[in-house]
*Asks:* 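Dumping the structure here so I can ask a few things about it.
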Amino acid sequence: MPQTPPFAAMFDSSGYNRNLYQSKEDGCGGLYYHDNNLLSGSLEALIQHLVPSVDYYPDRTYIFTFLLSSRLFMHPHELMAKVCHLCIEQQRLSEPGQDKNRIRKIAPKILQLLTEWTETFPYDFRDERMMRNLKELAQRVTSGDEMYRKNVQQLLQNLLRKLATVSQYEEVLAKISAASTDRLTVLKTKPQSIQRDIITVCNDPYTLAQQLTHIELERLNYIGPEEFVQAFVQKDPLDNDKSCYGDRKKSRNLEAYVEWFNRLSYLVATEICMPVKKKHRARVIEYFIDVARECFNIGNFNSLMAIISGMNMSPVSRLKKTWAKVKTAKFDILEHQMDPSSNFYNYRTALRGATQRSLTAHSSREKIVIPFFSLLIKDIYFLNEGCANRLPNGHVNFEKFWELAKQVSEFMTWKQVECPFERDRKILQYLLTIPVFSDDGKGPWNSCRSCVTGYCFASVLVRSLLPPSKDGI
């Protein structure tokens with residue numbers, strides 16, 4: 001069966017790899033090309049273009065782009081049903097006297113398409129309708145051929161393993177959230193019950209930066225690429241009955257990652273404000289500055305921004321006498337790196353540098369690129385909002401989806417990096433469950449839908465990029 005190339009090789013600077021593209025005859029109805037680039041097409045023609053035949057297999061960039069963007073127009077289970085129908089009808093898989101030679105030619109291609117789908121978008125198959133169609137098509141393709149039957153069994157085993165893993169992860173997140181809420185309740189009633197602080201648990205800022213990177217990479221890994229699209233799905237203008245998605249569970253892992261950013265920001269502010277003495281507060285501030293600097297060196301920009309955000313919250317920035325005891329030169333440099341001026345020019349430059357380093361990396365540490373996630377979501381959000389899904393003639397605007405897929409595919413490369421640092425369970429447990437205070441006093445888990453769509457994000461930016469006012473106590 002064909003091998004799946006890495007995501008890094010999928011898209012060139014134009015958002016589309018011409019070398020991988022394998023087009024059907026130019027006469028394929030309903031598709032419009034320019035300079036060998038697919039620019040638009042009717043939804044039915046695009047679905048047809050996804051279906052392999054004896055002498056045709058779609059380019060992987062097209063498969064990824066269409067499976068990613070098609071959910072703006074239909075549910076994945078509806079697309080799967082159409083693909084199954086086309087495969088069965090076009091290849092005459094339902095005929096009793098089907099040609100075995102023809103089946104042997106088409107079976108590997110259909111199985112490869114199913115493999116691409118289940119490997120890249122496994123969460124689609126949490127829907128029983130998807131699994132039912134998958135099994136039905138696989139059974140028709142493999143009937144009477146033991147080799148293909150083994151391939152299907154392997155495909156299903158890998159898929160079920162991935163789905164079991166994500167279910168376990170979501171259960172762990174729920175337990176962490178419950179434990180944090182319980183401990184916050186205890187803290188409110190008995191403030192003296194919390195004896196430890198972050199420096200007591202981990203006195204080395206470099207170690208803490210590494211443990212933060214563990215959390216970041218783990219949570220990044222569980223975000224499905226489709227969640228970036230499903231978070232912004234609105235009603236398709238050609239669909240008079242329903243919007244494509246109303247189920248908030250479709251972006252749960254993305255939301256959990258945004259919640260982690262919020263939690264880390266509030267944790268930083270809580271740790272700084274808890275000590276009674278100014279010199280102790282100043283020590284915590286300097287500690288987090290060192291943590292943030294090491295996050296920058298690692299390529300962990302999300303934790304870096306969360307720490308800067310926490311240190312610029314008003315309960316921290318108003319501590320005039322505390323800040324007077326802090327050497328702020330290193331912090332000023334970090335704030336400059338994350339300055340929002342010119343659409344975060346400094347940060348984007350640093351991100352490109354980290355990305356280039358990862359491409360030529362000789363060690364696992366050099367491969368790490370963890371983007372400032374809220375800004376990544378904002379970029380994708382405004383790309384989605386700024387370009388129409390359909391052209392005036394009703395065609396799907398595929399130029400938009402090439403660019404969308406290019407951005408998401410870069411994220412897919414970043415999230416597949418394994419953390420090279422040794423895990424410290426004690427530190428990780430502290431970071432994930434220690435109670436922290438938020439602006440409304442409800443604890444860390446207070447995200448809203450606007451956090452995902454980019455609006456709440458604006459308040460974080462305003463707060464994070466104002467220097468400490470130092471005009472309080």
Side-chain angles (χ1 to χ4, degrees), residues 10-53 55-87 89-90 113 116-117 120-121 124 225-226 228-246 250 379-409 453-454:
M10 284 178 59
F11 294 88
D12 65 9
S13 59
S14 69
Y16 171 55
N17 192 322
R18 297 180 182 83
N19 295 327
L20 292 176
Y21 192 70
Q22 302 173 25
S23 176
K24 291 181 177 178
E25 293 298 321
D26 291 339
C28 182
L31 298 180
Y32 174 72
Y33 298 87
H34 180 69
D35 291 338
N36 202 34
N37 284 328
L38 176 58
L39 301 185
S40 68
S42 67
L43 186 57
E44 290 301 319
L46 292 169
I47 296 172
Q48 176 70 60
H49 201 58
L50 182 68
V51 178
S53 64
D55 55 0
Y56 164 76
Y57 187 79
D59 157 46
R60 192 187 180 217
T61 57
Y62 178 78
I63 295 173
F64 178 75
T65 302
F66 186 65
L67 292 182
L68 178 70
S69 59
S70 62
R71 60 199 73 235
L72 291 169
F73 306 100
M74 63 177 67
H75 288 274
H77 75 85
E78 294 172 328
L79 176 61
M80 174 60 86
K82 288 179 178 290
V83 168
C84 290
H85 175 74
L86 288 172
C87 285
E89 291 299 313
Q90 291 182 11
L113 177 63
E116 297 266 10
W117 199 333
T120 311
F121 301 96
D124 285 350
E226 72 282 355
F228 290 99
V229 175
Q230 287 165 180
F232 308 132
V233 165
Q234 298 178 356
K235 185 178 179 65
D236 182 357
L238 298 188
D239 186 344
N240 297 319
D241 298 323
K242 60 183 184 304
S243 62
C244 198
Y245 275 96
K250 296 296 183 181
D379 288 344
I380 295 174
Y381 173 74
F382 283 112
L383 170 62
N384 183 65
E385 287 294 300
C387 302
N389 291 335
R390 290 186 184 270
L391 301 177
N393 64 356
H395 272 201
V396 173
N397 179 11
F398 221 77
E399 278 189 290
K400 167 182 175 177
F401 298 129
W402 286 131
E403 186 59 36
L404 178 63
K406 180 182 177 182
Q407 291 194 24
V408 176
S409 68
T453 57

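Just so it is clear, the model here is predicted, and its values are computed rather than measured.
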*Asks:* Within the 4.5 Å heavy-atom criterion, are V396 and L46 side-chain neighbours or not?
*Replies:*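 In short, these two side chains touch, coming nearer than 4.5 Å.
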*Asks:* Passes side chain to side chain contact (heavy atoms under 4.5 Å, CB included), L79 versus F66? Steps please.
*Replies:* CA-CA 10 Å; L79 176 61; F66 186 65; 3.8 Å; yes
*Asks:* Looking at every heavy atom in both F121 and E226, which two are closest together, and how far apart are they?
*Replies:*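 Answer, listing the atom of F121 first, then E226: CD2-OE1, 3.3 Å.
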*Asks:* Is N384 close to N389 at the side-chain level, that is, under 4.5 Å between some pair of heavy atoms?
*Replies:*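 SC-SC contact between N389 and N384 confirmed.
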*Asks:* How far does CG of L67 sit from OG of S70, to the nearest 0.5 angstrom?
*Replies:*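 Between L67 CG and S70 OG, I get 5.5 Å after rounding to 0.5 Å.
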*Asks:* Rounded to the nearest 0.5 Å, what's the gap from OG on S69 to CD on E403? Could you check?
*Replies:*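 The distance works out to 13.0 Å.
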*Asks:* Measuring from Y33:OH to L39:CG, what's the distance to the nearest 0.5 Å?
*Replies:*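 With rounding to 0.5 Å, OH (Y33) is 10.0 Å from CG (L39).
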*Asks:* Which atom pair, heavy atoms only, marks the closest approach of K400 to L383?
*Replies:*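 That would be CE-O, 4.0 Å.
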*Asks:* Specify the closest pair of heavy atoms between I47 and Y62, including all atoms of both residues, with the distance to one decimal.
*Replies:*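 Shortest heavy-atom separation between I47 and Y62 comes out as N-OH, 4.4 Å.
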*Asks:* Let me see the working for R60 and E116 under salt bridge (charged side-chain N to carboxylate O under 4.0 Å, His left out), right down to the final yes or no.
*Replies:* CA-CA 8 Å; R60 192 187 180 217; E116 297 266 10; 3.1 Å; yes
*Asks:* Short question: side chain of R390, backbone of G394 - any donor-acceptor pair under 3.5 Å?
*Replies:*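 Indeed, once roles are kept as given, a pair shorter than 3.5 Å links the two residues.
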*Asks:* So which heavy atom on P225 is nearest to which on L68, and how close?
*Replies:*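 Closest approach of P225 to L68, heavy atoms only: O-CD1, 3.4 Å.
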*Asks:* Parallel, tilted or perpendicular: which fits the ring planes of W402 and F398, with parallel below 30° and perpendicular above 60°?
*Replies:*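 Answer is perpendicular, since the angle exceeds 60°.
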*Asks:* Would you check if the side chain of N397 reaches a backbone N or O of A388 as a donor-acceptor pair within less than 3.5 Å?
*Replies:*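 Looks like yes, one N/O pair under 3.5 Å.
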*Asks:* Under a 3.5 Å distance rule, please check whether Y56 uses its side chain to pair with a backbone N or O of H49 as donor and acceptor.
*Replies:*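 Judged by distance alone, yes, a pair lies under 3.5 Å.
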*Asks:* Can you confirm whether K82 is buried at NZ, in the sense that more than 12 heavy atoms of other residues, nucleotides or ligands lie under 6.0 Å from that atom?
*Replies:*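 Counting neighbours around NZ of K82, 12 or fewer heavy atoms of other residues, nucleotides or ligands fall under 6.0 Å, so no.
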*Asks:* Work out which heavy atom in I380 is nearest to a heavy atom in Q407; give both atom names and the distance.
*Replies:*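 So the minimum-distance heavy-atom pair works out to CG1-OE1, 3.4 Å.
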*Asks:* Counting distance only, does the side-chain N/O of Y57 pair as donor-acceptor with the main-chain N or O of L113 below 3.5 Å?
*Replies:*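 At least one qualifying donor-acceptor pair exists.
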*Asks:* Is T120 reaching over with its side chain to a backbone N or O of W117, donor-acceptor style, under 3.5 angstrom?
*Replies:*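 Not at all, since once roles are kept as given, no pair shorter than 3.5 Å links the two residues.
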*Asks:* Quick one: pull up CG in L38 and CZ in F401 and give me the separation to the nearest 0.5 Å.
*Replies:*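 It comes to 11.5 Å.
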*Asks:* Which heavy-atom pair separates L31 from A45 by the least distance, and what is that distance?
*Replies:*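 It is CD2-CB, 3.8 Å.
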*Asks:* Quick check for you: to the nearest 0.5 Å, what is the distance between H34 atom NE2 and S40 atom OG?
*Replies:*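 Here the interatomic distance stands at 12.0 Å.
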*Asks:* Under 6.0 Å between the ring centres of F228 and Y381?
*Replies:*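 Centroid distance F228-Y381: not below 6.0 Å, so no.
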*Asks:* Please tell me if the side chains of N37 and Y32 come closer than 4.5 Å, counting only heavy atoms from C-beta onward.
*Replies:*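 Of all side-chain heavy-atom pairs linking Y32 with N37, none is under 4.5 Å.
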*Asks:* Which value, rounded to the nearest 0.5 Å, describes the distance between L404 atom CG and L72 atom CG?
*Replies:*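 L404 CG to L72 CG: 7.5 Å, rounded to 0.5 Å.
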